[in-house]
Amino acid sequence: MNLEQNFFDRKDIFAELNPQQAKAVDCLEGPLLVIAGAGSGKTRVLTYRIANLIACGVAPWKILAITFTNKAANEMKSRAQKLIGTPAQNVWLSTFHSFCARLLRREIEITGKFNSNFAIYDASDAKTLLKQCMSELNFDPDKVTAFQGRISDAKNALIDAAHFRELKSRQGGDFGKNVAAVYELYEKKLRENNALDFDDLIFTTVKLFRKYPAVLEKYQERYRYILIDEYQDTNEAQYVLTKLLADKYQNICVVGDADQSIYGWRGADMRNILNFEHDYPQATVVKLEQNYRSTKNILDGANAVIANNFERKDKTLWTQNERGDKIKFLHCAADKVEAAIVASEIQRLVTGQNFMYKDIALLYRTNSQSRLFEERFIREEIPYVIIGGLRFYERKEIKDILAYLHVIDNLRDDVHLTRIVNVPKRGLGQTNFNRLREFAAESGLSIMEVIRDRNRLAQVPSLTPKFRQKIQNFASMIIMFTELAKTSSLKKLIEIVLHESGYLQMLHSVDEGTAVENAARLENLGEFVSAAEDFSKSNSSNSLGDFLNHVALITDLDATDTEESRVQMMTIHAAKGLEFPVVFVAGMEESLLPHSYAFSQAEIEEERRACYVAMTRAKKKLILTAADKRMVFGKERDQEISRFVDEIPPEFLETVNLNNPRSQNYTRRSYTPPTAFRPARVTIPVSKKTSAPVTSWHVGEQVNHRKWGLGTVMDVDAKTITISFANPEIGVKVLGLKVAPIDKI
């Protein structure tokens, strides 16, 4: 590099950096791994490193900086321009997908398969095309989400359609073979449409580089200096793309933190950052351990938790910030108490400690946890906003069951009837239903008035006999529900509707690709049943109409959601990269954090990283909450305090006894942090199944049946246990507790 071609005084670059940041910024040649702890200034390091490269004579257009979101890329570019002016405009700073799209516009015609004006299909466009493919192959297009997920996973793992077909033919199983057939037809139609989907952008670039070495060398020469942000979140395709580009000059700087790798479920591979020194033996490693965000107590508590993970790079965050308040742990008697206490604490912080609502974040592991807090905040007139997710009563599965209840309560409600007449699928074609709806409108009747009357239904022209029979079966079911509503409790009515309508069976009978999504929907429906039971207990009325009015008032937030300053509610995963003066982490319980679906050592470690991320979002105050009892599918369940609470040393933690008898008698479990770093890419064994008889079962626990395989506990009483098995052919079974051949995982 020509050190004389300075655009400005390099002293300006280093004046505001601490020694480790300065070391990372000044290490310009060769591979560099920057292990950037939470709140340690990684964006500043990346920005100042770009400035230093330019100050040392590197042409801006020879620098490629990649991050994961357009927002982060724009922020970095803005900072660089403020620091060094117009030269920063010529740095290629973008997301992986934007970089690949721009490159392919220039180079894709060499493949002979696409023109440079190719279309880029978003998820919705891709889903439409996949549905066409599935219809042509006589597969149920309603399963498109499962197929789309599998094809996306394959592309992100750099597995093309032909290779995918070979893999699935060896593995066996109809689902995989069906996906392979759809994948091949989908790729054919994409080429015919001169289109790439979002996953293709990276996959096609990698294929192009591998097949055409001259093109790869062209871009290796163009981008001699490569910077990658959030490297722990890269998947296989992104890893290979980066490796190919950096292979010639190896001037690659990656920034990230294995302790904040929480996206394994969507393809991120933490081993990419753990193995960087193996990929680049001459790499320089710089640790950014000074935290500028949190108080000492918060940081020390978070360090103690994450130290219990084996698969990580050793580091200890420290700060010059004040010691601050201890982490507060509110041990509540029940989930409704938890919501009330959090609301009370928020009001106290705002009215008595000069915090604003927008300074406060409420984090939780699953979206279903938001419901009680939303209802409490509305009651207490606490303004809030859901970040990165829908309000509880706006989620599809909740709107579906509410539509059933509205029709049961008001048989003339055609809007809600239209929503659920074919949910789950009942073979009621849209063409026939449109004819029925038009006839009802022309006759001045509701749809239900037509379909429950055989003579009127016979007058609707052009309906097939099969449709007539199925629509009458639907009407009979709704009438049965209306009769039950007169005598049954709300909870019982909703449970019957969920079962008899086939809605629960629809969510249980899923392909592999929709298991996670439908598990979340089941959790939300369970929370809805709990909401109905809460309403019945806290109101003199048990009527369906009153309950629907109650819900309508909750969802109509026009009057309450008007302040700009609002409490920010979100999942822990949505909070990554953010920071707040005050953070509440709700549901610090076994089965929530860590989640019940995490039963291997590797999965528990990812849950612990999620806890660490949640804790390190807090700047001044961190409040953890847990409930001894929580409503699950309308039944009160005993909960156990999360192991992660026990991993926080007592000197950093203040446990608040909320007149809870179990708080007084609670005994902390003892944990010893690991003493050595376990090498990356070691397969961590799944926890062994217990061989001793299990006498205590909880909803959400994973089990193994000696004949039917894996399942999830859905309900338990004194004599029976209800299990939803992963194999859709088995489905849901009710077994005798004393004789069931099951093991707890």
Side-chain angles (χ1 to χ4, degrees), residues 69-70 95-98 100-101 104 113-114 117-161 164-165 168 174-204 235 237 263 265-267 367 388-390 394-400 418-431 433 503 506-507 509-521 524 728:
T69 66
N70 288 314
T95 64
F96 275 102
H97 293 93
S98 296
C100 291
L104 289 173
K113 297 179 179 179
F114 299 91
N117 64 337
F118 60 86
I120 299 174
Y121 282 0
D122 63 16
S124 177
D125 297 328
K127 183 171 287 188
T128 298
L129 185 59
L130 276 171
K131 282 185 176 180
Q132 294 176 14
C133 296
M134 294 173 71
S135 295
E136 287 186 24
L137 296 172
N138 295 317
F139 298 135
D140 183 359
D142 288 335
K143 297 180 179 179
V144 66
T145 301
F147 279 64
Q148 189 173 25
R150 276 307 174 87
I151 291 170
S152 177
D153 290 344
K155 291 186 177 185
N156 287 329
L158 301 177
I159 300 172
D160 62 19
F164 189 85
R165 184 188 66 246
K168 296 308 172 184
D174 290 338
F175 178 71
K177 292 178 180 177
N178 293 344
V179 173
V182 172
Y183 190 1
E184 287 189 306
L185 181 58
Y186 175 62
E187 287 299 282
K188 179 176 180 290
K189 287 185 177 293
L190 281 171
R191 289 194 298 272
E192 290 173 352
N193 285 277
N194 190 35
L196 301 176
D197 66 22
F198 212 58
D199 297 316
D200 281 326
L201 295 174
I202 299 176
F203 190 11
T204 304
N235 60 28
Y263 295 120
W265 49 274
R266 71 180 189 192
N367 278 308
L390 293 172
E394 292 175 354
R395 291 164 188 155
K396 180 186 183 302
E397 59 276 13
I398 303 303
K399 291 177 76 70
D400 285 345
T418 300
R419 180 183 180 96
I420 49 90
V421 68
N422 213 25
V423 178
K425 288 293 183 183
R426 300 183 173 90
L428 297 170
Q430 191 63 45
T431 301
F433 184 74
Y503 204 95
M506 175 185 72
L507 295 182
S509 302
V510 296
D511 293 303
E512 302 166 62
T514 57
V516 174
E517 178 183 350
N518 282 5
R521 289 179 173 177
N524 290 334

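Being a predicted model, the structure only gives us computed values, none of them experimental. Throughout, numbering of the chain's residues begins at 1 and tracks the sequence. The figures here come from the full heavy-atom set of this structure, side chains too, leaving out hydrogens, waters and symmetry mates.
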Audit row: Lys113, Glu187, salt bridge (Lys or Arg N to Asp or Glu O under 4.0 Å) steps and yes/no: CA-CA 11 Å; Lys113 297 179 179 179; Glu187 287 299 282; over 6 Å; no
Calculate, to the nearest 0.5 Å, the distance between atoms [atom1] and [atom2] belonging to [X] and [Y] respectively.
X: Lys127; Y: Leu129; atom1: NZ; atom2: CG; result: 13.0 Å
X: Leu201; Y: Lys155; atom1: CG; atom2: NZ; result: 9.5 Å
X: Met134; Y: Phe147; atom1: CE; atom2: CZ; result: 4.0 Å
X: Arg395; Y: Asn524; atom1: CZ; atom2: CG; result: 5.0 Å
X: Phe139; Y: Cys133; atom1: CZ; atom2: SG; result: 11.0 Å
X: Ile202; Y: Cys100; atom1: CD1; atom2: SG; result: 5.0 Å

Short side-chain to backbone donor-acceptor contact, [X] and [Y], under 3.5 Å:
X: Arg150; Y: Val179; value: no
X: Ser135; Y: Lys131; value: yes
X: Asp200; Y: Thr204; value: no

Test side-chain contact (heavy atoms from CB on, under 4.5 Å) applied to Lys177 and Arg165, step by step: CA-CA 7 Å; Lys177 292 178 180 177; Arg165 184 188 66 246; over 6 Å; no
Minimum heavy-atom separation for [X] to [Y], with atom names?
X: Ala126; Y: Gln148; result: CB-NE2, 3.7 Å
X: Tyr503; Y: Glu397; result: OH-CA, 3.3 Å
X: Asp400; Y: Arg419; result: OD1-NE, 2.8 Å

Note, Thr418 side chain near Phe433 side chain (heavy atom, < 4.5 Å): yes
Residues Tyr186 and Asp197: side-chain donor-acceptor under 3.5 angstrom: yes
Lys189 NZ: over 12 foreign heavy atoms closer than 6.0 Å: yes
Leu130/Ile151 under side-chain contact (heavy atoms from CB on, under 4.5 Å): CA gap, chis, key distance, verdict: CA-CA 10 Å; Leu130 276 171; Ile151 291 170; 3.7 Å; yes
NZ/NE/NH1/NH2 to OD/OE distance under 4.0 Å, Lys188 and Glu184: no
Residues Lys425, Asp140: salt bridge by 4.0 Å N-O rule: no
Name of the residue among Leu158, Leu196, Asn156 meeting side chain to side chain contact (heavy atoms under 4.5 Å, CB included) with Phe203: Leu158
